[in-house]
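We number each residue from 1, following the sequence as shown. The figures that follow rest on heavy atoms only: side chains count, while hydrogens, waters and symmetry mates do not. All values reported here derive from a predicted model rather than from experimental measurement. Every number for a ligand or one of its atoms is a count from 1 in the order of the listing.
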Amino acid sequence: MCGIVGYVGPRSSMDVLVAGLARLEYRGYDSAGVAVVSENDGLVSQKRAGKLAVLRDDVDAHPLASGGTGIAHTRWATHGAPTDANAHPHLADGGKLALIHNGIIENFHELREELIASGEQFLSETDSEVAAILLAHAFRETGDLTTAMQQVVKRLEGAFTLLVVHADKPGVVVGARRNSPLVIGVGEGENFLGSDVAAFVAFTHKALSLGQDQIVTLTESAIDVITFDGEEVHPPEFTVDWDASAADKGGWSSFMAKEISEEPEAVANTIRGRLSSEGQVVIPELEALDVGRIDRVIFIACGTAAYAAMLGAYAMEKWSGIPVTVELSHEFRYREPVVGPGTLVVSVSQSGETMDTLMAVRFANDAGAQTLAICNTQGATIPRESTATVYTHAGPEVAVASTKAFLSQAVAVYLLGLYLGQHRKVVSAEVAASIAKDLHALPEQIQEMVETGPRIKELAGWMADTRSVLYLGRHVGYPVALEGALKLKELAYIHAEGFAAGELKHGPIALIEPGQIVFVIVPSPRDPSSLHSKVVSNIQEIRARGARVIAIAEKGDAAVLPYADEVITIPPASPFMEPLLAVVPLHIFGMELAGAKGLDIDQPRNLAKSVTVE
Ligand code: AGP
């Protein structure tokens with residue numbers, strides 16, 4: 001999950017590298033480092049444990065050379081604690097070679113033992129330093145960085161994006177990738193590399209995506225790509241559809257606050273151009289699917305993306321008439337599922353790089369299933385390896401805790417469900433028009449929920465010292481309960497658990513004691529099913545045992561008032577839309593409680609934005 005930047009061109013590479021790292025820091029922030037190569041000064045490097053600010057202060061105080069060739073790295077530690085020695089770049093060949101790495105080299109131990117036996121000494125505990133030393137050996141043999149990279153990558157197993165520079169090769173950066181992201185920024189007389197487009201979007205919107213098992217040799221005037229076996233490749237080009245300012249805080253106190261404020265616009269962007277007022281879904285990307293053969297849909301995702309899929313799945317099954325299940329990616333792949341051409345495996349991933357989900361997509365592809373990616377990051381690996389892709393167009397999500405992506409992902413699933421229903425001719429014109437009306441009304445209703453922020457902040461203020469919060473939801477409220485609990489865990493480091501409300505009496509009610517805070521997502525009282533009355537009964541059961549209940553309920557729902565300590569109201573909407581309104585105050589609550597506790601809202605401890613290791 002590390003951030004990687006490479007540059008070759010006329011600028012001072014330090015400026016490009018540090019600016020790029022600042023935009024990638026959300027990918028990992030245990031340590032950071034840079035290496036610069038110039039004709040006059042050879043290779044100079046600096047790396048420091050801690051956040052990017054530590055390195056930036058260091059290089060401000062002790063400027064490095066101003067060479068036009070450089071690589072930079074911000075780390076999420078896997079092998080070895082976050083220390084200066086374990087930070088990247090790793091040097092070799094007497095300090096003339098520098099390497100940065102994202103991923104895990106799974107056979108590093110045997111390679112390390114082999115190198116130690118040959119007399120090499122290691123300065124770090126990392127798997128990455130093994131690659132640096134192997135590259136130094138290969139470069140000394142071949143005198144060419146690209147050939148050296150070709151030799152070395154054939155010995156490595158696992159996941160890796162590697163960038164390397166050498167003092168004897170100013171003006172050249174060589175990169176390689178297997179199971180880990182790397183995109184190329186195409187400039188005018190300069191070129192860039194990054195673990196995602198945020199690394200260089202301030203300098204160019206033109207990009208190429210490097211494929212699996214490929215090596216790129218970058219100079220300021222050329223971009224040469226080959227496979228690990230040396231065959232020439234011409235990577236697909238794409239244009240980044242957002243600008244650098246979108247990846248800035250823009251005056252907000254945190255990226256998360258900015259991204260919650262963007263939730264209405266994110267949903268509007270997901271829908272834009274894809275849904276007529278009559279309810280006709282138009283998504284050309286889906287024409288790559290053989291819809292006629294689909295007799296089962298399986299969603300695969302992790303974390304918040306999985307909860308978005310769970311939420312969307314209710315509507316999809318109802319509208320399409322196709323059985324739909326949702327599985328955690330890391331469970332799906334290892335249970336040896338029976339899938340085939342009739343199965344549509346839909347991955348949901350904001351980053352498009354989550355290794356658990358990527359490996360599950362590969363499993364599905366190998367098993368002959370059709371695969372569809374719902375993704376927010378253009379040029380990411382999962383879309384490139386799927387039969388078709390629907391981008392959510394939510395704009396960059398920088399805060400590690402996902403917010404606007406959740407709503408965009410669920411709405412994208414709604415659109416897919418309606419699309420399948422229309423193709424199978426099981427959705428009537430009036431139902432489609434009604435769904436379209438509900439979906440087009442969402443942004444404004446979500447905005448209304450964003451405006452509950454001050455009230456939620458007040459609530460969070462009097463809960464700052466709480467040690468446990470429970471979330472109850474039923475049917476489409478259940479994924480919202482899970483999402484609310486995850487936000488509190490990852491932002492405020494508080495034990496939080498989401499339950500299906502019907503499960504309460506089967507054990508979890510034992511957790512209820514006087515003062516226990518419980519959020520309850522209440523179904524609409526207008527819903528003809530009996531779910532509303534059942535959930536109100538759940539509220540009575542926990543209140544009778546001393547719980548402090550915060551109900552999220554539809555405006556005008558009088559049944560809840562006598563039993564809740566606090567009620568956060570949502571505007572009346574259709575049953576499938578109300579969860580997308582109820583989740584907004586839970587996103588805000590997680591953020592405000594973290595703020596009340598003085599925690600880092602955008603970069604919570606131990607986490608990274610994109611988990612690119614299994
Ligand atoms: C969400 O707040 C978490 N940061 C995490 O659960 C995330 O949703 C999960 O890792 C999946 O990421 P993806 O959407 O990029 O695949």
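If you number the atoms of ligand 1 from 1 as listed, the ones under 4.0 Å from a heavy atom of Ser402 come out as 1 (C), 2 (O). Short contacts between ligand 1 and Ala401, defined as distances under 4.0 Å to a heavy atom of the residue, involve ligand atoms 2 (O). If you number the atoms of ligand 1 from 1 as listed, the ones under 4.0 Å from a heavy atom of Ala305 come out as 8 (O), 14 (O). Close approach of ligand 1 to Cys302 (heavy-atom distance below 4.0 Å) involves ligand atoms 8 (O), 9 (C), 11 (C).
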Please evaluate residues Ser347 and Thr357 with respect to the criterion side chain to side chain donor-acceptor pair (under 3.5 Å), reporting the C-alpha separation (whole Å), side-chain torsions for both, the decisive distance (0.1 Å), and the verdict.
CA-CA 7 Å; Ser347 66; Thr357 302; over 6 Å; no

Would you check, one step at a time, whether the test side chain to side chain donor-acceptor pair (under 3.5 Å) holds for Thr126 with Asn86?
CA-CA 6 Å; Thr126 67; Asn86 289 334; 5.2 Å; no

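A donor-acceptor distance shorter than 3.5 angstrom exists from the side chain of Glu317 to the backbone of Val324, with no hydrogens or angles considered. No donor-acceptor pair closer than 3.5 Å links the side chain of Gln370 to the backbone N or O of Leu344. Between the side chain of Asp127 and the backbone N or O of Phe108, no donor-acceptor pair lies under 3.5 Å. Between the side chain of Lys487 and the backbone N or O of Ser402 there is at least one donor-acceptor pair closer than 3.5 Å. Under a 3.5 Å cut-off, the side chain of Thr392 and the backbone N or O of Gln409 do not form any donor-acceptor pair. A donor-acceptor pair under 3.5 Å is formed between the side chain of His73 and the backbone N or O of His101.
In terms of protein heavy-atom proximity, atom 2 (O) of ligand 1 is closest to Glu490 OE2, 2.4 Å. Atom 4 (N) of ligand 1 has its closest protein heavy atom at Val400 O, 3.0 Å. In terms of protein heavy-atom proximity, atom 14 (O) of ligand 1 is nearest to Gln350 N, 2.7 Å. Here the heavy atom of the protein found nearest to atom 6 (O) of ligand 1 is Gly303 CA, 3.2 Å. Among all non-hydrogen protein atoms, the one lying nearest atom 10 (O) of ligand 1 is Val611 CG2, 4.1 Å. Thr304 OG1, 3.2 Å is the protein heavy atom nearest to atom 1 (C) of ligand 1.
Ligand 1 lies out of reach of Thr357, whose nearest heavy atom is not under 4.0 Å from it. Taking a 4.0 Å cut-off on heavy atoms, Glu353 fails to register as neighbouring ligand 1.
A cation-pi arrangement, defined by a distance under 6.0 Å to the six-membered ring centre and an angle within 45 degrees of its axis, is absent between Arg177 and Phe160.
Ligand 1 has no nitrogen or oxygen under 3.5 angstrom from a nitrogen or oxygen of Ala608. The shortest N/O to N/O separation between Thr354 and ligand 1 falls below 3.5 Å. The shortest N or O to N or O distance between Lys487 and ligand 1 is under 3.5 Å.
In the candidate list Gly352, Cys375, Ser351, Ser351 is nearest to atom 15 (O) of ligand 1, counting heavy atoms.
Using the six-membered ring where Trp is involved, Phe363 and Phe332 have ring planes that are perpendicular, over 60° apart on the 30 and 60° scheme.
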